[in-house]
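Only one structure is covered here, and it is reproduced in the block below.
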Amino acid sequence: RNVDAELYGGRVTGGAQIPLVTEGNVSADLQWNDIELDRLTSDLGVGRSRLEATVSGALELQVAASQWDEPAQWTFNLSATIPQIRAGRVVGEQIAVEAAGRRGQVNYSATGNVFAGELDISGEAAVSDFLADGNLGQATWMLRGAQLSQVAAILQEDPVVAEQVAGTLDAQWVAGTEDGQWQWQGTASVASLALRSQRVVSDLEVQIAGNAASARMELSGRLAEGQLRGQANWVFAQSRYPQLRIGLRNSDLQQLALLATGWDDSPIDGAGDVELHIRPGDVWRFAGTVAVSNGELGGLGVRNMRIPLIADWAPSSGRLDVRLTGVQAALSRGRVTGRLLARQSGAWRLDGEFRFHRVDVGTLLKGLGGGAHYAQGRLSGRLTVGGRQVRRLADVEASLRADLEDTQARDVPVLSKMLLYVPGAAVGSSRFSAGRIEAQLRGGVIRLQELSLASSRLQAYLTGQITLAGRL
C-alpha cells in the first residue's frame, strides 16, 4: 500500500508491502523529509535535548515474511542527511549517513562537519553481534579540528560563556576483533584551550580503551598551569555512571577560579593542589579538597589552607551549586574557619560565614587597604559574606563583627592626632586592652560602623569609611 503521512513535523511517503501470512516478502520503499529529531528521540525514550535538527532520507527494505523478526536476514539500503544541527548556534552541518545490510552484515559510513571540525566514520559489523552487545565490528571514527567554543555551546546555556572559549579538539576511535574478542580504543587531544583569551589547558590527552563489557579511561595534561592526572573505570552492566578520579598539582588558583566562576578578578592567588572525585549523570557531582600551602586572599597571606568542597552541576540548565564546608586556614598570624554556599544560575548567589581567632589586625587591614596602616592588635570574631546577583567581586557584600585586644593609640591614625590635645595622654604609651569593631562591605566600600577602644585611662569611639579602589 502507499504511504503518505505527516510525522514529527515532516512527511513520510512511498510504499510498503506487508503480507498477512508468513508467505511472501515484506518490502518497503520509503522517503522522509524534515523529520524533527528532538521529537523523534523523545518518543523513542532517549529524551528531549537542546539540539535542533531535521533529517531527510530514504529506506529500501526486503525480507521474507517468515524472517521478519530476524534483523540479520534483512536486506536494506539506508541513506539520511541532516542539513544543520543547532544548539543556539550551528554545531553540525551537512551530515550524511549511509548504511547497507546484506547476509547478516551491515556496512555504514557518515561524514560531515561537527563543531566546525571534519567528521569521518566508517565500519562493518555483524547485525547479530550489534543487537546482542552493541558490537560495532571493524570501525574507525575520526573528528579533526573541532572548535571547543561549539562544544561549550552544547554544555552551557549562556551563549556569552561559550563565545569566550577558544581551542580545538582532535579525536579518533578504532574498533576491531582480536583473539575472538571485540575491543576498541580511542584518543582525544586538546593542544590548547583558552577562556577569555587566557590559556587554561594545554597538552591535554584522553585515552580510553575497552570492550563490550567495560572501559578504562586515563587523562593527562596541564590545567591552570598545574599537572593533571585522572582515571576512570566503567562496567557497562552496572547501571551507575563511572567515577572519575582527578589529581591536580601546583595549579594556578587565579586560573582555577576563572574556570569555576567566570570571574577574572578573583581575590585568591597562588598555587594549590586539588583532589576530586567526579560522578557524571544528569547532575554531575564533584567532591574533594583544595589545599594551599602558601597563597594570598585579597592581598593577605594565607598558609595551610584546606577547602573541602562538594559541587553539583546540571549541564542541561547550567546550574551549579557549590558547598565549601570546614574551610581552615592560617591568616595574618591567626586562624580562620568557615563555610560558603554558592549557587550559579546566571549570576551567583552567595551565603557564607567565617570565624577567626587572634588575627593580626595590622596585617589584615594593610592588605585590605592596599598599603594603608590603620591599627595593631589581635582580632577575633565573625565575618559573613553574601550577595544575590554577584557577577564580579565588587558585587559581594560582607559584614564584620569582632573584638580587638592589645591595640596602641599611635597605630590608629586619627586617634593618634586627637590624643595630642588630651592632657596627660601620651600617644606612644596609650594601650587599649579591649575594643570592638563592626563594619560592612558594600559596593567596594568598607563602612566602619563602630571602632571602640577602651583602656584604664581612655575610651575612644570612631566611625567612617574606607574605599578599596577595586581591591579586596
Side-chain angles (χ1 to χ4, degrees), residues 49-53 82 84-97 109-123 136 139-175 184-210 215-232 234 241-242 244 246 248 251 255-256 258-260 262 276 278 280 284 286 313 315-316 318:
S49 75
R50 295 177 53 230
L51 298 178
E52 300 175 6
I82 303 174
Q84 279 191 347
I85 303 175
R86 300 185 63 88
R89 63 162 73 179
V90 176
V91 295
E93 291 184 293
Q94 303 302 320
I95 310 297
V97 179
S109 65
T111 59
N113 295 322
V114 176
F115 305 129
E118 297 180 7
L119 176 68
D120 190 352
I121 296 174
S122 62
L136 292 173
T140 301
W141 297 30
M142 298 189 70
L143 179 62
R144 305 180 188 89
Q147 297 298 309
L148 293 174
S149 60
Q150 297 199 12
V151 178
I154 299 291
L155 301 176
Q156 173 62 253
E157 280 194 335
D158 188 346
V160 175
V161 174
E163 291 171 359
Q164 295 170 343
V165 176
T168 58
L169 167 70
D170 296 310
Q172 177 175 307
W173 185 85
V174 178
W184 52 267
Q185 61 182 6
T187 61
S189 61
V190 175
S192 179
L193 183 151
L195 180 61
R196 295 183 180 176
S197 301
Q198 182 176 354
R199 188 176 70 172
V200 292
V201 173
S202 60
D203 302 324
L204 177 65
E205 183 172 273
V206 179
Q207 296 183 342
I208 185 168
R216 176 179 176 82
M217 182 185 74
E218 295 185 353
L219 63 87
S220 62
R222 297 193 67 82
L223 172 65
E225 303 299 335
Q227 190 64 43
L228 176 67
R229 290 286 186 270
Q231 66 176 33
W234 194 357
Y241 286 96
L244 176 64
I246 291 289
L248 185 59
S251 60
Q255 291 194 21
L256 284 181
L258 177 64
L259 282 170
L276 279 182
I278 304 174
W284 287 50
F286 302 79
W313 174 53
S316 60

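These numbers come from the heavy atoms of this one structure, side chains and all, not from hydrogens, waters or symmetry mates.
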Between [atom1] of [X] and [atom2] of [Y], what distance do you get to the nearest 0.5 Å?
| X | Y | atom1 | atom2 | answer |
| --- | --- | --- | --- | --- |
| Glu218 | Gln231 | CD | CD | 6.0 Å |
| Asn113 | Leu119 | CG | CG | 8.5 Å |
| Leu256 | Leu248 | CG | CG | 6.0 Å |
| Gln172 | Arg144 | CD | CZ | 8.0 Å |
| Leu143 | Trp173 | CG | CH2 | 14.5 Å |
| Arg222 | Asp203 | CZ | CG | 8.5 Å |

**Message:** Under the rule for side chain to side chain contact (heavy atoms under 4.5 Å, CB included), what residues qualify as partners of Gln94, not counting sequence neighbours?
**Reply:** none

What do you reckon, is [atom1] of [X] surrounded by more than 12 foreign heavy atoms closer than 6.0 Å?
| X | atom1 | result |
| --- | --- | --- |
| Trp141 | CH2 | no |
| Glu118 | CD | no |
| Gln185 | CD | no |

Taking every non-hydrogen atom, the tightest pair across [X] and [Y]:
| X | Y | answer |
| --- | --- | --- |
| Ala53 | Ile82 | CB-CG2, 4.0 Å |
| Ser251 | Leu223 | CB-O, 3.9 Å |
| Gln147 | Ala116 | CG-CB, 3.6 Å |
| Gly230 | Ile246 | CA-CD1, 4.0 Å |
| Met217 | Leu244 | CE-CD1, 3.4 Å |
| Ile95 | Gly112 | CD1-CA, 4.0 Å |

**Request:** Could you please spell out the steps behind the side chain to side chain contact (heavy atoms under 4.5 Å, CB included) verdict for Leu204 and Leu193?
**Result:** CA-CA 9 Å; Leu204 177 65; Leu193 183 151; over 6 Å; no

**Test log, rule side chain to side chain contact (heavy atoms under 4.5 Å, CB included), inputs Val151 and Val165** = CA-CA 9 Å; Val151 178; Val165 176; over 6 Å; no

